[in-house]
Amino acid sequence: MDANARELAQNFDIERLTREFYENPYPTYRALRQHAPVKRMPNGSYFLTRYDDLLAAYKNTDIFSSDKKKEFAPKYGVSPLYEHHTTSLVFNDPPIHTSVRRLIMGALSPRAIAGMEADLIALVERLLDALAEKGEVDLIGDYAAAIPVEVIGNLLDVPRDERAPLRGWSLAILGALEPVIDKEALARGNSAVEDFLDYLRGLVARRRAKPGNPDRDVLTRLIQGESDGARLSEKELLHNCIFLLNAGHETTTNLIGNGLVALSKHEVEQARLIESPELIKTAVEEILRYESSNQLGNRMTTREVELGGVSLPSGTSVTLCIGAANRDEKHFHDPEKFDIARQPNRHLAFGSGAHQCAGMALARLEGAIAISRFLGRFPAYALKAAPVRGGRARFRGFLSVPCTVSQE
Ligand code: HEM
C-alpha cells in the first residue's frame, strides 16, 4: 500500500493525468500529501497538497502573485483568451484587483443576497415541478445547471430571453484553463470570448442608456464605478463581467450536482439529512470540502521562498490543490469520510485571503436551497445509470446524471 502510494506520488504529472485520476483523484492526493507535498512537476512548476502550504500561499500575496501574464503568454499567445484571463480580477494583483473587487463585493452584501432568496426559491420550485412532471431527468441539465445561470443572469440583469448562450460560453472559456488543452478547446475558448464580448458591448450600451439600481445590479455598479470617481476602462469592464458570469456557473452547478450524487452514494448521510433538514448548512460545507467543485488554483512566486522545506525560485508557477488540502488529515478528522454534520470544517473550497471567493455567500445559499428542496420533494430519487464526469481536473463535476424522481 505504502509502496503503491510512493509510486503514485513519484509518477504524478499534472500534464499527464490518467483516467483513474479523473475518476477519483483522492488516492493520488493522499499519496502526494504523504510523500511529496511540494512536488516538482516535469515542466518546472510545483504542485502543493498540504493545507498549511496552501494557506501560506493564499495569505502571502506579495510572494505568491495571482498575475498570470507571464504564465498565460505561451499558453494562449496573443488571443482573446489571453486578454480575457489577464484582465479578470482573479488573475490580477492590486491595484486592478482591489478596485474591481470592491465594486463587486458591494453588490454581494449579505443584505443584497438576502434580497435574492425569494426569487431563488420560486425558481427552484418551478424547476422541481418540471422534474416531477418528467419523472426521468438529468440532474445536471434539468436542475443543477439551470439554477446558477438564472441567479447570475439576475445579478447582472441580463434579459431572460438572452441567457441561453451564457452556459456554453462559460464552459468553453473555463475549459481552456485546464492544465493541458488541445487546439479545438483553444479555438472554442477564443470564439466564446469574442462572442461574449460582442454580446456584452450591446448590453453595456443599453445599460448606459438606461441605468439600473446599483444596489442590486452589478453591471450598473461596474459601469458607474466608485463614488470617488474611479472607473474601470471599457476592456476591464467587459472582461470582469465575463469573469463574473463564468465564476458562478460551473462551480455552483457542480456544488449542487456533486452534492446530490454524493448523498445518493452515502445512504446513511442522505437519510440523516432528509430526517433533519436543519443540517443543510453543515451538509453544504461538507459537500464543498469532500468534492470541491474548484480543485486547483494557481500562483507565481515573485521571489525565492521556502515552502514545506523546499526552496522555490522566483518566477515559479505553483498549483494549489484545494481538493487535496480539503482532505488533509492534519486539519480534518477522518478526512475521507463524508459527514454532513462535520464541525469544525474550515475547508478551502472558496480559497482564502485577498482573492477568497466573492460569491461564496450566494453559492452557499444556492446550494442549500437547491439541495434541501430537492430532497424534500424527492426523498426517493435514484440514479438510473452511472453519472457522466466532466473530465476536468480543475472543475470537478458531472456533465449528466440520469435519475428518476417520484413524489412519495
Ligand atoms: C460553489 C461555488 C463556488 C466555488 C467553489 C468558488 C470558488 C472560488 C475560488 C476557489 C476562488 C479563489 C480563486 C483564487 O484565489 O485563485 C473564487 C474566486 C471568485 N469567485 Fe467564486 N466560487 C463559487 C461561486 C461563485 C459565485 C456564485 C460567484 C459570483 C456571484 C463567484 C465569484 C467569484 C469572484 C468574483 C472571485 C474572484 C475574487 C477575487 O479575485 O478577489 N464565485 N471562487
Side-chain angles (χ1 to χ4, degrees), residues 48 54-55 57-61 64-68 71 85 87-109 112-113 116 120 144-145 147-156 158 170 174 177 216-219 221-222 239-259 284-300 317-323 325-326 347-371 394-397:
L48 311 186
L54 262 74
L55 205 59
Y58 279 130
K59 298 289 182 198
N60 201 337
T61 46
F64 292 93
S65 163
S66 288
D67 190 313
K68 297 286 185 291
E71 194 176 331
H85 287 310
T87 312
S88 302
L89 82 158
V90 74
F91 294 144
N92 270 286
D93 294 325
I96 292 187
H97 170 255
T98 322
S99 54
V100 181
R101 184 174 171 99
R102 208 177 302 138
L103 289 172
I104 291 176
M105 288 309 286
L108 290 170
S109 67
I113 288 170
M116 296 176 200
L120 182 55
I147 298 166
V149 72
E150 293 301 318
V151 171
I152 297 281
N154 289 347
L155 201 66
L156 279 97
V158 175
S170 164
L174 294 182
L177 283 175
R216 296 196 47 177
D217 165 16
V218 181
L219 182 54
R221 211 180 170 86
L222 291 171
H239 284 296
N240 280 290
C241 284
I242 295 182
F243 174 74
L244 199 54
L245 283 160
N246 290 344
H249 262 172
E250 199 174 347
T251 47
T252 315
T253 299
N254 290 349
L255 162 60
I256 300 166
N258 291 350
V284 166
E285 297 311 308
E286 181 65 345
I287 295 161
L288 286 162
R289 181 194 74 85
Y290 186 79
E291 280 283 27
S292 308
S293 19
N294 183 353
Q295 296 256 318
L296 306 176
N298 292 88
R299 297 294 189 264
M300 188 172 274
S317 168
V318 178
T319 302
L320 314 183
C321 185
I322 294 172
N326 280 342
H347 60 74
L348 295 175
F350 293 118
S352 184
H355 286 277
Q356 188 173 41
C357 180
M360 63 186 184
L362 182 56
R364 284 177 162 137
L365 184 70
E366 287 180 67
I369 290 176
I371 293 169
R394 186 175 299 276
F395 295 104
R396 185 164 176 80

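All residue numbers refer to positions in the sequence shown, counting from 1. Counting starts at 1 for both ligands and their atoms, following the listed order.
A donor-acceptor pair is defined here as one N or O able to donate and one able to accept, closer than 3.5 Å; no such pair exists between the side chain of Lys59 and the backbone of Ala57. The main-chain N or O of Ala112 is found under 3.5 Å from a side-chain atom of Ser109 such that the two form a donor-acceptor pair.
Residues Val151 and Leu155 are not in side-chain contact: their nearest non-hydrogen atoms beyond the backbone lie 4.5 Å or more apart. A 4.5 Å side-chain heavy-atom check between Arg394 and Asn298 finds at least one atom pair inside the cut-off.
Ligand 1 has at least one atom lying under 4.0 Å from a heavy atom of Ala354. Using a non-hydrogen distance threshold of 4.0 Å, Phe91 does not register as a contact of ligand 1. Gly297 does not count as a contact of ligand 1, since none of its heavy atoms falls under 4.0 Å from the ligand. In this structure, His97 has a heavy atom closer than 4.0 Å to ligand 1.
Counting heavy atoms closer than 4.0 Å to ligand 1, residue Ser66 contributes nothing at all. Contacts between Leu362 and ligand 1 below 4.0 angstrom, taking non-hydrogen atoms only, involve the side chain exclusively.
With atom 26 (C) of ligand 1 as the reference point, the heavy atom nearest to it among Ser88, Gly248, Ser292 is part of Gly248. Comparing Leu348, Val90, Ile152, Leu365 against atom 13 (C) of ligand 1, the shortest heavy-atom distance belongs to Val90.
Between the CZ atom in Phe395 and the NE2 atom in His249 there is a gap of 12.5 Å [rounded to 0.5 Å]. Separating the CG atom in Asn240 from the OG atom in Ser99 is a distance of 8.5 Å, to the nearest 0.5 Å. Rounding to the nearest 0.5 Å gives a distance of 5.5 Å between CD1 of Ile104 and CG of Leu222. Rounding to the nearest 0.5 angstrom, the gap separating the CG atom in Leu54 from the CG atom in Leu348 is 6.0 Å. To the nearest 0.5 Å, the span separating CG on Asn254 from CG on Leu288 amounts to 11.0 Å.
Nearest non-hydrogen protein atom to atom 16 (O) of ligand 1 is Arg299 NH1, 2.9 Å. Atom 34 (C) of ligand 1 has its closest protein heavy atom at Phe243 CE2, 3.5 Å. The single protein non-hydrogen atom nearest to atom 1 (C) of ligand 1 is Thr251 O, 3.6 Å, given as residue, atom name and distance. Of all protein heavy atoms, the one lying nearest to atom 20 (N) of ligand 1 is Cys357 SG, 3.2 Å. If you check which protein heavy atom lies closest to atom 28 (C) of ligand 1, you get Gly359 CA, 3.5 Å. Scanning the protein for heavy atoms near atom 11 (C) of ligand 1, the closest one is Phe350 O, 4.0 Å.
Taking a cut-off of under 4.0 Å to the non-hydrogen atoms of Ala358, the atoms of ligand 1 that pass are 19 (C), 20 (N), 33 (C), 34 (C), 35 (C), 36 (C). Close approach to Ala247 involves these atoms of ligand 1, each under 4.0 Å from a residue heavy atom: 24 (C), 25 (C), 31 (C), 32 (C), 33 (C), 42 (N). Each of the following atoms of ligand 1 lies closer than 4.0 Å to a heavy atom of Gly351: 10 (C). Taking every heavy atom of Ala349 and a limit of under 4.0 angstrom, the matching atoms of ligand 1 come to 5 (C), 7 (C), 10 (C). Distances below 4.0 Å separate heavy atoms of Ala363 from the following atoms of ligand 1: 1 (C), 2 (C), 24 (C).
For ligand 1, the polar-atom distance check against His355 finds a nitrogen or oxygen pair separated by under 3.5 Å. Residue Asn294 places no N or O, backbone or side chain, under 3.5 Å from any N or O of ligand 1. The shortest N/O to N/O separation between Ser293 and ligand 1 does not fall below 3.5 Å.
Residues Arg101 and Asn92 have side chains that never bring a donor and an acceptor to within less than 3.5 angstrom of each other. Side-chain N/O atoms of Thr87 and His239 include no donor and acceptor closer than 3.5 Å. Side-chain atoms of Asn294 and Thr251 form no donor-acceptor pair, as typed in the model, at a separation below 3.5 Å.
Screening Glu285, Arg289, Glu286 for a side chain to side chain donor-acceptor pair (under 3.5 Å) with His347, the sole residue that qualifies is Glu285.
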